[in-house]
Amino acid sequence: MHNVFALIQSNLRRQGEQIVLTIPKGPKLSGIDLDSQSAILAAVLHDLGVEPGDRVSVQIEKGQMNVVLYLAVLRSGAVYLPLNSAYTNTEIEYFLTDAEPKLHVCSIDRAGHAERLKNRLVGLEVLTLDGESGTLFDLFVAAKLAKNSLEAISPRAADDLASIIYTSGTTGKPKGAMITHNNLISNAAMLTEAWAYSIDDTLLHALPLFHVHGLFVALNLALINGGRVIMLPKFDLDAVLSVIRDVTIMMGVPTYYTRLLADPRFNKDIGGHMRLFISGSAPLLVETSDEFFDRIGQRILERYGMTETGMSCSNPLRGERRAGSVGPPLPGVEVRIVGEDETKLPKGEIGSLEVKGDHVFKGYWKLPERTAAEFNDEWFVTGDMAVLSEDGYISIVGREKDLIISGGLNIYPKEIEDVLNDQEGVVESAVVGVPHSDFGEGIVAVLVGEGALDTGALEVVCREKLAGFKVPRRWIQLEVLPRNTMGKVQKNLLRDEYADSFS
Ligand code: MCA
Ligand code: AMP
């Protein structure tokens with residue numbers, strides 16, 4: 001049985017009547033509750049005609065029903081396709097057209113747009129879920145009353161898809177990363193070993209449930225080990241501080257840690273008992289790591305991964321956690337650093353980071369050529385620049401890809417530039433990320449116009465077409481963009497020039 005849900009179920013059953021999932025001021029679900037509720041929802045999915053391999057796209061607020069839906073989709077053998085709740089209707093239309101889900105589950109305020117999409121996307125079913133309301137929730141309640149539940153777990157092969165998660169790219173539109181059951185099982189096994197994750201752990205879950213970090217690194221790892229989860233709807237300082245004494249592990253993006261450190265209530269008394277603080281998705285500054293160590297008496301464990309690979313490297317649980325490094329490769333992961341001629345470089349030299357292992361995804365949905373382009377033989381090309389130390393620690397030192405990471409969210413400048421370049425009066429644009437004290441990087445748009453540009457109007461267009469976190473926060477108009485002799489825009493000069501935009 002390769003269905004990752006089987007692994008989760010066996011550990012939910014180990015917990016039995018014990019509470020596994022707690023939402024403060026909200027419901028508490030035991031292992032048995034999660035198992036039985038996912039069986040009820042699986043029956044609903046079955047009655048709706050969702051078959052193994054069908055995509056179920058989900059754009060809803062975080063909550064316990066989100067977890068139950070995720071488990072029901074896995075247990076049905078369908079493919080879970082989570083979508084950022086900040087995505088605009090324009091963005092959603094693209095994802096649904098590309099992924100052709102059988103069922104789209106959205107919050108009630110998004111239903112109108114999704115219903116209209118049904119005219120174009122033949123066979124699409126749309127249901128709503130908002131906490132404990134919505135048409136899918138009604139079906140769930142009716143199935144529960146009728147004692148309709150699907151206990152069987154759909155058998156899956158190791159390389160059958162468990163999930164598709166869209167990631168943007170330096171060229172063109174976002175691509176759906178196809179993640180298999182074996183990818184999830186193998187990555188969870190690596191992390192369990194590396195972090196000694198166990199049924200005795202309680203995880204503070206404040207991350208969104210629509211990215212690899214919150215869904216697979218955090219939630220899956222906890223559930224696969226039978227551990228308890230205290231789940232917050234989002235990262236909120238007061239809420240985090242009010243539950244932190246009850247947990248043993250916290251996972252977050254660097255912004256979570258800088259926000260905690262900015263609050264004097266966060267000290268050794270409240271955080272010193274923790275078994276592990278883990279950071280990833282974006283570089284953790286050495287200053288943050290050191291300040292945290294001084295304040296709490298332990299070092300944040302930094303790890304590194306990608307949507308396409310899950311986690312590849314991690315600082316050790318025992319042994320030196322090195323600030324500024326993401327540690328050695330995880331057990332079962334191979335890494336190499338290659339030069340421009342694509343051959344392996346010696347230790348100490350900076351090059352392109354490539355990874356190999358069972359955790360590497362199956363490819364991009366419907367894009368075999370793009371998939372092939374991202375592999376160097378059987379090595380996946382991460383697009384990150386890295387260096388390997390003599391004692392086997394990897395440090396990420398930059399990116400080959402033109403990518404901004406803001407508050408742990410990836411933003412590809414090309415996507416914003418495409419929107420801006422389409423607007424009347426805009427001759428060209430260059431979008432860059434510069435240091436931001438809260439988000440790590442903030443977005444600056446540099447424009448060349450036919451005349452004076454109305455940047456307020458451009459912001460409105462961006463807000464209409466792009467999720468809020470992708471909207472530039474500073475606007476600059478220039479006569480020309482700086483270019484090198486090859487004609488390429490010199491974004492490094494723009495980054496230097498506007499480096500103080502958010503300080
Ligand atoms: C929200 N806003 C942002 C961001 N988040 N702006 C820039 N960067 C962001 N990350 C904007 C909104 O558009 C809005 O502005 C305003 O901030 C308030 O929104 P709100 O949601 O209330 O903000 P927040 O609660 O302060 O959220 C910030 C956050 C959150 C807590 C840092 O973004 C977050 O939880 N990030 C984690 C993302 C994550 O899980 N990344 C993992 C992906 P306006 O109203 O003007 O629009 S990477 C991954 O999975 C790989 C595999 C890995 O390695 O982990
Ligand atoms: P995503 O495509 O959303 O999965 O983001 C993956 C990218 O986030 C990686 O390719 C890196 O550029 C970045 N990333 C993740 N973790 C770290 C980290 N610990 N340090 C630096 N960059 C990171």
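Remember, it's 1-based here, ligands and their atoms both numbered in the order they're listed.
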I'd like to know if Asp384 contacts ligand 2, where contact means a heavy-atom distance under 4.0 Å to any ligand atom.
yes
Contact (N/O only, under 3.5 Å) between Ser279 and ligand 2
no
Distance below 4.0 Å between atom 1 (C) of ligand 1 and any protein heavy atom?
no
Under 4.0 Å, heavy atoms only, figure out whether ligand 2 is touched by the backbone of Ile405, its side chain, both or neither.
side chain
So for His213, does at least one of its heavy atoms come nearer than 4.0 angstrom to any atom of ligand 2?
no
Where does Leu207 meet ligand 1, judged by heavy-atom distances below 4.0 Å: at the side chain, the backbone, both, or neither?
side chain
Check His211 against ligand 2 and report side chain, backbone, both or neither, counting heavy atoms closer than 4.0 Å.
neither
Just checking, is any N or O donor in the side chain of Thr307 or His211 under 3.5 Å from an acceptor N or O on the other one?
no
Kindly confirm or rule out an N or O of Ser281 lying under 3.5 angstrom from an N or O of ligand 2.
yes
Do Glu91 and Thr88 get their side chains close enough for a donor-acceptor pair, meaning under 3.5 Å?
yes
Given the side-chain rings of Phe266 and Phe292, with only the six-membered ring counted for Trp, is the space between their centroids under 6.0 Å?
yes
What part of Pro283, side chain, backbone, both or neither, has a heavy atom within less than 4.0 angstrom of ligand 2?
both
What I want to know is whether Glu308 and ligand 2 share at least one N or O pair that is separated by under 3.5 angstrom.
no
Does the protein place a non-hydrogen atom closer than 4.0 angstrom to atom 11 (C) of ligand 1?
yes
Give the atom numbers and elements of ligand 2 that come within less than 4.0 Å of a heavy atom of Lys401.
9 (C), 10 (O), 12 (O)
Report the part of Lys234 (side chain from C-beta onward, or backbone N, CA, C, O) that has a heavy atom under 4.0 Å from ligand 1; answer both or neither where that applies.
side chain
Those atoms of ligand 1 less than 4.0 Å from some heavy atom in Thr307:
52 (C)
Is the shortest distance from a heavy atom of Gly383 to ligand 2 less than 4.0 Å?
no
Please could you name the atoms of ligand 2 that Thr307 approaches to less than 4.0 Å, counting only its heavy atoms?
1 (P), 2 (O), 3 (O), 4 (O)
For atom 46 (O) of ligand 1, state whether the nearest protein heavy atom is under 4.0 Å away.
yes
Between the side chains of Tyr412 and Asp418, is a donor N or O closer than 3.5 angstrom to an acceptor N or O?
no
Salt bridge or not for Lys347 and Asp391, using N-O below 4.0 Å?
no
Please confirm whether Tyr304 approaches ligand 1 to less than 4.0 Å, judged on its heavy atoms.
no
Is Pro208 in contact with ligand 1, taking contact as a heavy-atom separation below 4.0 Å?
yes
Ligand 2 N/O within reach of Thr167 N/O, cut-off under 3.5 Å
no
Residue that, paired with Tyr70, satisfies ring pair (Phe, Tyr, Trp, His ring centres under 6.0 Å) out of Tyr80, Phe210, Phe5:
Tyr80
For Arg473 and ligand 1, does the shortest N/O to N/O distance drop below 3.5 Å?
yes
Protein heavy atom under 4.0 angstrom of atom 30 (C) of ligand 1, is there one?
no
